[in-house]
Engineer: 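Quick one: structure below, then a few questions.
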Amino acid sequence: MDIQELEATVRALERRLRRAEDVQSIERLKARYGELADSRYADGAPRADDELAHIAREIAALFTVDAVWDGGPALGSCRGRAAIEARFARPTLRFSWHYFVKPRIEVEDDRARARWDVLAPCTTRDGVPHWLAGVEEDEYRRVEGRWLHSRLTLRVIFLAPHASGWSLGSKL
């Protein structure tokens with residue numbers, strides 16, 4: 001292998017490594033989003049307003065300033081970090097626990113797209129436990145070296161009541 005072939009190989013490996021690191025960063029971003037969204041609830045109810053405000057700020061910081069969060073017809077949509085913060089400060093549920101599975105992440109320079117299957121046991125405002133299954137189609141941008149959501153779109157496949165409900169950790 002001559003020096004030019006070696007340099008080309010190193011550049012190719014650097015691109016592959018960066019793409020792998022980008023995918024891992026996006027996976028961590030999505031995990032943090034789910035963790036924060038679910039942390040808005042404790043013992044089957046939304047947390048206190050001051051705690052919700054803090055969590056909502058942390059969630060909004062995971063989005064670009066001009067991002068779109070689209071929860072579909074049932075959950076509505078909002079544009080911009082401030083609107084996303086306001087949206088998450090007012091929970092629409094009593095409980096949720098998000099599982100994002102089967103990620104399909106494509107990175108192209110400082111932009112990326114992903115598709116995640118979503119499974120979420122949740123309890124609606126009226127106290128009825130449900131299983132939610134859906135798909136999230138996300139877009140991301142790298143801003144100052146950090147991956148952020150630029151668009152999140154949820155498409156609900158089904159929302160089915162769960163007759164026996166949930167035994168939450170503090171009640172086991």
Engineer: Do His130 and His162 have side chains that get closer than 4.5 Å, going by heavy atoms?
Structural biologist: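 They are not in side-chain contact.
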Engineer: Side chains of Tyr99 and Pro121: closer than 4.5 Å at any heavy-atom pair?
Structural biologist: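 Side chain of Tyr99 against side chain of Pro121, heavy atoms only: contact under 4.5 Å found.
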Engineer: At their closest point, which heavy atom of Trp97 faces which heavy atom of Asp38, and how far apart are they?
Structural biologist: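 Reported closest heavy-atom pair: CA-OD2, 3.2 Å.
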Engineer: Are the side chains of Glu14 and Thr9 in touch, meaning some heavy atoms are under 4.5 Å apart?
Structural biologist: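 No, side chains not in contact.
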Engineer: Sub-3.5 Å donor-acceptor pair from the side chain of Arg111 to the main-chain atoms of Glu139, do we have one?
Structural biologist: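 Between the backbone of Glu139 and the side chain of Arg111 there is no qualifying donor-acceptor contact (under 3.5 Å).
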Engineer: Does any non-hydrogen side-chain atom of Arg18 lie less than 4.5 Å from one of Arg15?
Structural biologist: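 A side-chain contact is absent here, since even the closest heavy-atom pair is not under 4.5 Å.
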Engineer: Look at the side chain of Arg90 and the backbone N and O of Ala86, then say whether any donor-acceptor pair between them is shorter than 3.5 Å.
Structural biologist: yes
Engineer: More than 12 non-hydrogen atoms from neighbouring residues, nucleotides or ligands closer than 6.0 Å to CG on Asp50, yes or no?
Structural biologist: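 Correct, the count exceeds 12.
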Engineer: To the nearest 0.5 Å, how far apart are CD in Glu35 and CD1 in Ile55?
Structural biologist: 10.0 Å
Engineer: Please round to the nearest 0.5 Å and tell me the distance separating atom CG of Leu152 and atom CG of Asp138.
Structural biologist: 4.5 Å
Engineer: Start with the C-alpha gap between Val23 and Arg28, add the side-chain angles, then the distance that decides, and say whether side-chain contact (heavy atoms from CB on, under 4.5 Å) holds.
Structural biologist: CA-CA 9 Å; Val23 167; Arg28 284 191 301 272; over 6 Å; no
Engineer: Can you give me the closest heavy-atom contact between Ala120 and His98, atom names plus distance?
Structural biologist: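 What the structure gives for the nearest pair is CB-CA, 4.2 Å.
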Engineer: Is atom CD of Glu51 surrounded by more than 12 heavy atoms (other residues, nucleotides or ligands) closer than 6.0 Å?
Structural biologist: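 For Glu51, atom CD is crowded (more than 12 foreign heavy atoms under 6.0 Å).
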Engineer: Does this structure show an ion pair linking Arg155 with Asp70, if we count only N-O contacts that are shorter than 4.0 Å?
Structural biologist: no
Engineer: Tyr33 and Phe95: same hydrophobic cluster, using ILVMFWY side-chain contacts below 4.5 Å?
Structural biologist: no
Engineer: Looking only at heavy atoms, what is the nearest atom pair of Ala56 and Glu85, with distance?
Structural biologist: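 Shortest heavy-atom contact: CB-O, 3.2 Å.
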Engineer: Which pair of heavy atoms, one from Leu93 and one from Pro46, lies closest together, and at what distance?
Structural biologist: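 Minimum heavy-atom contact is O-CG, 3.7 Å.
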Engineer: Calculate, to the nearest 0.5 Å, the distance between atoms NE2 and OG1 belonging to His149 and Thr64 respectively.
Structural biologist: 10.0 Å
Engineer: Under a single-linkage definition using a 4.5 Å side-chain heavy-atom cutoff for Ile, Leu, Val, Met, Phe, Trp and Tyr, are Val135 and Phe158 assigned to the same hydrophobic cluster?
Structural biologist: yes
Engineer: Donor-acceptor pair, distance only, cut-off 3.5 Å: does the side chain of Thr123 make one with the backbone of Arg94?
Structural biologist: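 No; judged by distance alone, with no hydrogens or angles, the pair does not exist.
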Engineer: Check for me whether the distance between the ring centres of Trp69 and Phe88 falls short of 6.0 Å.
Structural biologist: yes
Engineer: Please walk me through it: do Gln4 and Leu6 pass side-chain contact (heavy atoms from CB on, under 4.5 Å)?
Structural biologist: CA-CA 5 Å; Gln4 291 171 330; Leu6 181 60; over 6 Å; no
Engineer: Which heavy-atom pair separates Arg151 from Thr153 by the least distance, and what is that distance?
Structural biologist: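 Looking at all heavy atoms of both residues, the closest pair is NE-OG1, 3.4 Å.
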Engineer: How many angstroms lie between atom CZ of Arg19 and atom CG of Asp109, to the nearest 0.5 angstrom?
Structural biologist: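 Arg19 CZ to Asp109 CG: 8.5 Å, rounded to 0.5 Å.
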Engineer: Is there side-chain contact between Pro91 and Tyr41, with at least one heavy-atom pair below 4.5 Å?
Structural biologist: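 Yes, their side chains come closer than 4.5 Å.
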Engineer: Are there more than 12 heavy atoms of other residues, nucleotides or ligands under 6.0 Å from atom CZ of Arg47?
Structural biologist: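 Atom CZ in Arg47 is crowded, with more than 12 foreign heavy atoms closer than 6.0 Å.
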Engineer: Do Arg40 and Ile59 have side chains that approach each other closer than 4.5 Å (heavy atoms only, starting at C-beta)?
Structural biologist: yes
Engineer: Roughly how far apart are Glu58 CD and Ser39 OG, rounded to 0.5 Å?
Structural biologist: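 These two atoms lie 7.5 Å from each other.
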Engineer: Would you indicate whether Glu7, at its atom CD, is surrounded by more than 12 heavy atoms from other residues, nucleotides or ligands within a distance under 6.0 Å?
Structural biologist: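 Correct, the count exceeds 12.
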Engineer: Is Val68 close to Cys78 at the side-chain level, that is, under 4.5 Å between some pair of heavy atoms?
Structural biologist: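 Answer no - side chains too far apart.
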Engineer: Is it the case that atom CZ in Arg32 sees more than 12 heavy atoms from other parts of the structure closer than 6.0 Å?
Structural biologist: yes
Engineer: Quick check on the hydrophobic clustering: are Ile26 and Val143 connected, directly or via other members, by side-chain heavy-atom contacts under 4.5 Å?
Structural biologist: no
Engineer: Inspect the contact between Asp22 and Arg16 and indicate whether a charged nitrogen and a carboxylate oxygen are less than 4.0 angstrom apart.
Structural biologist: no
Engineer: Report the distance from atom CZ of Arg79 to atom CD1 of Ile84, rounding to the nearest 0.5 Å.
Structural biologist: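 Rounded to the nearest 0.5 Å, the CZ-CD1 separation comes to 9.5 Å.
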Engineer: Please give me the minimum heavy-atom distance between Leu75 and Arg87, naming the atom from each residue.
Structural biologist: O-NE, 3.6 Å
Engineer: Relative to each other, are the rings of Tyr140 and Trp147 parallel, tilted or perpendicular (30° and 60° limits)?
Structural biologist: perpendicular
Engineer: For the pair Glu106 and Arg113, find out whether any cationic side-chain nitrogen is under 4.0 Å from an anionic carboxylate oxygen.
Structural biologist: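 Answer for the salt bridge query: no.
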Engineer: State, yes or no, whether a side-chain contact exists between Leu159 and Cys122 at a heavy-atom distance under 4.5 Å.
Structural biologist: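 The answer is yes, as the side chains (C-beta and beyond) meet within the 4.5 Å cut-off.
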Engineer: Look at the rings of Phe100 and Trp116 and say which category their plane angle falls in: under 30° parallel, 30 to 60° tilted, over 60° perpendicular.
Structural biologist: perpendicular
